[in-house]
Amino acid sequence: MKRLLSAFLALVTLAWGWTLLSAAGSADAGPGNPWAVREHALTLTGLWSFALMSLAMVLATRPVWLERPFGGMDRIYRVHKWAGILAIGFAALHWLVELLAGTIKAVFGLEGRLPKDRGGDFLEAMRDVAEELGEFAVYALLAMLVLTLWKRFPFRAWRYLHKAMPALYLVLAFHAAFLAPLDYWGQPVGVLLALLIAAGSVASVLALAGWIGRRRRVGGVVESVRESGPGLTQVTCLLDKGWRGHRPGQFAFATFDRLEGAHPFTIAGADRGDRRITFEIKALGDYTRGLARRLEAGRAVEVEGPYGCFELQRGRGRRDQVWVAGGIGVTPFLAWLEALQATPEQAPDVDFYYCVRDRAADPFVARLEILCAALPSVRLHVISSMHKESLSAEVLGDRTEKKEALEIWFCGPQGLAERLRQGLRDMGAAGIRFHQEAFEMR
């Protein structure tokens, strides 16, 4: 993610730098002129902010064609999230640079101040409007960032506020189009800016019209609802004929309540070709708590998907594998194990570590033991924290003498993932492949 965002910002900076070099001959635009430095900082921070916001808008459309390059929809959403956060950060910096005019005037005076672009009365009027709207949009974005990072703010309220983002983006597109220097439009930076405006605006219209994921949505009914454990709800849905099936480990967006909207859940089972899918939903937030009481058999459901690239790697000749699940992160592995029941010879050589609080009370342990018993090459290890057991990087590293040949598939708490990653780095096992399913809506 860091490399992708860094490369994207480098491309934007390169296009801006090309234009800067073309104007290097102007004495007024030199580095010794504080007004020129302010102007360059203003345009660069504005470009960074708008480019990242455009990227976030495009990724919000859930582009399936980018799943393979990114490594899954969960990573697309992660880049979307951080592109948005960085965009708002640069927007705040852009606003602060704008406020420097008063300071520069007080210290250096008006000498060296760059002349404004001329474009007629209409263009000037539009620029005034774009500037006012842009300032309003920055305030709104900063407020949205605070609410996004404040995890205690209810998801349902945040979701409705987040729907304003496409409209705010269109305001920013208007701001960027009219306040960009006129000489930009004959330079590579102008071409890039036009592409960003077009792509982001199309994505915004799709979002406002409710068309994101429309072709991958199917209706259906809730077939059964039961509490499979404390704070755990199992929901089985029978979908309409438009359902295209799923690969083990994929997830889908399920809408049980129109007002609440869609939520992503991993499909906890293999595809049996009968258009039935099962979700194991843990009470982790204000929506999922009490879900078992609000749902009943026969209720209409809309499912969008499937998505995701957290997929089973079959075959004995592959790299050594370790599967690590924590809590409800076991669901994709349940789908993997079910899919292997018909072809046990295709099961890879695996040590499967399932981390739970209390082995005796966990609703999945018995099911995992039955599934793994039919797959001799899959060895199940249940790690129970109640019994002072814990999983460490040393345990994973001991899986093979050649640590660089190890492939780890992880789905569980972020804290556990970071601890294992850091431990493996400390062991000098940087070559290990660490695949992680890490989906967050905010």
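Residues L232 and F364 meet the side-chain proximity criterion, which asks for heavy atoms closer than 4.5 Å. In this structure the side chain of F279 never reaches within 4.5 angstrom of the side chain of T266, judged on heavy atoms. Side-chain contact check for W323 versus C411: every heavy-atom pair is 4.5 Å or farther apart. Residues V189 and L193 form no side-chain contact, since every pair of their non-hydrogen atoms from C-beta on lies 4.5 Å or further apart. P306 is not listed as a side-chain neighbour of R247, based on a closest heavy-atom distance of 4.5 Å or more. Side-chain contact check for M386 versus R359: every heavy-atom pair is 4.5 Å or farther apart. Put simply, the side chain of M165 reaches to within 4.5 Å of the side chain of L141, judged on heavy atoms. Proximity of V356 to I383: side-chain heavy atoms (C-beta onward) are nowhere separated by under 4.5 Å.
Taking CG of D349 as the start and CG of L375 as the end, the distance is 12.0 Å to the nearest 0.5 Å. For the atom pair D271 CG and E338 CD, the distance stands at 11.0 Å (nearest 0.5 Å). Distance check, rounded to the nearest 0.5 Å: CG of L192 to CG of L47 gives 7.5 Å. Of the inter-residue distances, the one linking Q250 atom CD with I277 atom CD1 reads 11.0 Å to the nearest 0.5 angstrom. Going from atom OH of Y354 over to atom CG of L368 covers 6.5 Å, rounded to the nearest 0.5 Å. A distance of 12.0 Å separates CG in D274 from CH2 in W243, rounded to the nearest 0.5 Å.
Judged by distance alone, the side chain of H246 and the main-chain N or O of G269 form a donor-acceptor pair under 3.5 Å. In this structure a side-chain-to-backbone donor-acceptor pair under 3.5 Å is present from T43 to E39. H94 places a side-chain N or O within donor-acceptor distance of the main-chain N or O of L42, the cut-off being under 3.5 Å. In this structure, the side chain of T148 engages the main chain of M144 through a donor-acceptor pair within 3.5 Å. At distances below 3.5 Å, not a single donor-acceptor pair connects side-chain atoms of E304 with backbone N or O atoms of F253. Side chain of H80 to backbone of L59: no donor-acceptor contact under 3.5 angstrom is found. Checking side-chain atoms of Q436 against main-chain N and O of F410 turns up no donor-acceptor pair under 3.5 Å. When atom types are taken as modelled, the side chain of Q341 and the backbone of L337 share a donor-acceptor pair closer than 3.5 angstrom. Checking side-chain atoms of R275 against main-chain N and O of G220 turns up no donor-acceptor pair under 3.5 Å. At least one donor-acceptor pair under 3.5 Å links the side chain of R294 to the backbone N or O of R289.
The existence of a salt bridge linking E437 and R78 is excluded, since no basic side-chain nitrogen approaches an acidic carboxylate oxygen closer than 4.0 Å. Between E67 and R75, no side-chain nitrogen of the basic residue sits less than 4.0 Å from a carboxylate oxygen of the acidic one, so the salt-bridge criterion is not met.
No side-chain donor from either of D74 and Y307 sits under 3.5 Å from a side-chain acceptor of the other. Counted by atom type alone, E418 and Q414 present one or more donor-acceptor pairs between their side chains at under 3.5 Å. Checking D183 against Q187 by side-chain atom types alone, no donor-acceptor pair falls below 3.5 Å. Judged purely by distance below 3.5 Å, without hydrogens or angles, the side chains of Q234 and E227 never pair a donor atom with an acceptor atom. There is a side-chain donor-acceptor pair under 3.5 Å between W48 and T13. With hydrogens and angles left out, the side-chain atoms of Y169 and S54 include a donor and acceptor closer than 3.5 Å.
Considering every non-hydrogen atom in both P166 and A207, the closest pair reads CG-CB, 3.6 Å. Closest heavy-atom contact between T45 and A41: OG1-O, 2.7 Å. Minimum interatomic distance between V12 and A51 (heavy atoms only, all atoms of both residues): CG2-CB, 3.6 Å. Summarising the geometry of A339 relative to P248, their closest heavy-atom pair is CB-CG, 3.5 Å, with the distance given to 0.1 Å. Taking each heavy atom of L55 and A83 in turn, the nearest pair found is CD2-CB, 4.2 Å. Closest heavy-atom contact between Y77 and A60: OH-O, 4.3 Å.
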#### Entry: Working for side chain to side chain contact (heavy atoms under 4.5 Å, CB included), residues I76 and R62
CA-CA 8 Å; I76 288 178; R62 299 200 272 270; over 6 Å; no

### Task
Before giving the answer on side chain to side chain contact (heavy atoms under 4.5 Å, CB included), spell out for Y160 and L259 the whole-Å C-alpha distance, their side-chain angles and the decisive distance to 0.1 Å.
CA-CA 9 Å; Y160 280 102; L259 293 177; 3.8 Å; yes

#### Entry: R159 and K163: CA distance, side-chain angles, deciding distance, side chain to side chain contact (heavy atoms under 4.5 Å, CB included) verdict
CA-CA 7 Å; R159 172 179 169 268; K163 284 181 174 292; 3.8 Å; yes

### Task
Run the numbers on L424 and I408 for side chain to side chain contact (heavy atoms under 4.5 Å, CB included), then give the verdict.
CA-CA 11 Å; L424 291 168; I408 298 174; 3.6 Å; yes

### Task
Show your reasoning for whether salt bridge (Lys or Arg N to Asp or Glu O under 4.0 Å) applies to E311 and R68.
CA-CA 11 Å; E311 298 175 12; R68 290 294 175 185; 3.0 Å; yes

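The environment of W185 atom CH2 is dense: over 12 non-hydrogen atoms of other residues, nucleotides or ligands sit within 6.0 angstrom. Counted within 6.0 Å of CZ on R357, heavy atoms from surrounding residues, nucleotides or ligands total 12 or fewer; the atom is thus considered open. Few gaps surround OH on Y139; more than 12 heavy atoms of other groups in view lie less than 6.0 Å from it.
A centroid separation of 6.0 Å or more is found between the aromatic rings of F90 and F50. For an aromatic pair to be called close, the ring centres must be under 6.0 Å apart, and W336 with F310 satisfies this. Ring centers of F352 and F333: under 6.0 Å apart, within the cut-off.
Below 30°, between 30° and 60°, or above 60°: for W409 and H435 the angle between ring planes is below 30°, a parallel geometry. Ring pair H162/W158 is parallel by interplanar angle, where below 30° counts as parallel and above 60° as perpendicular.
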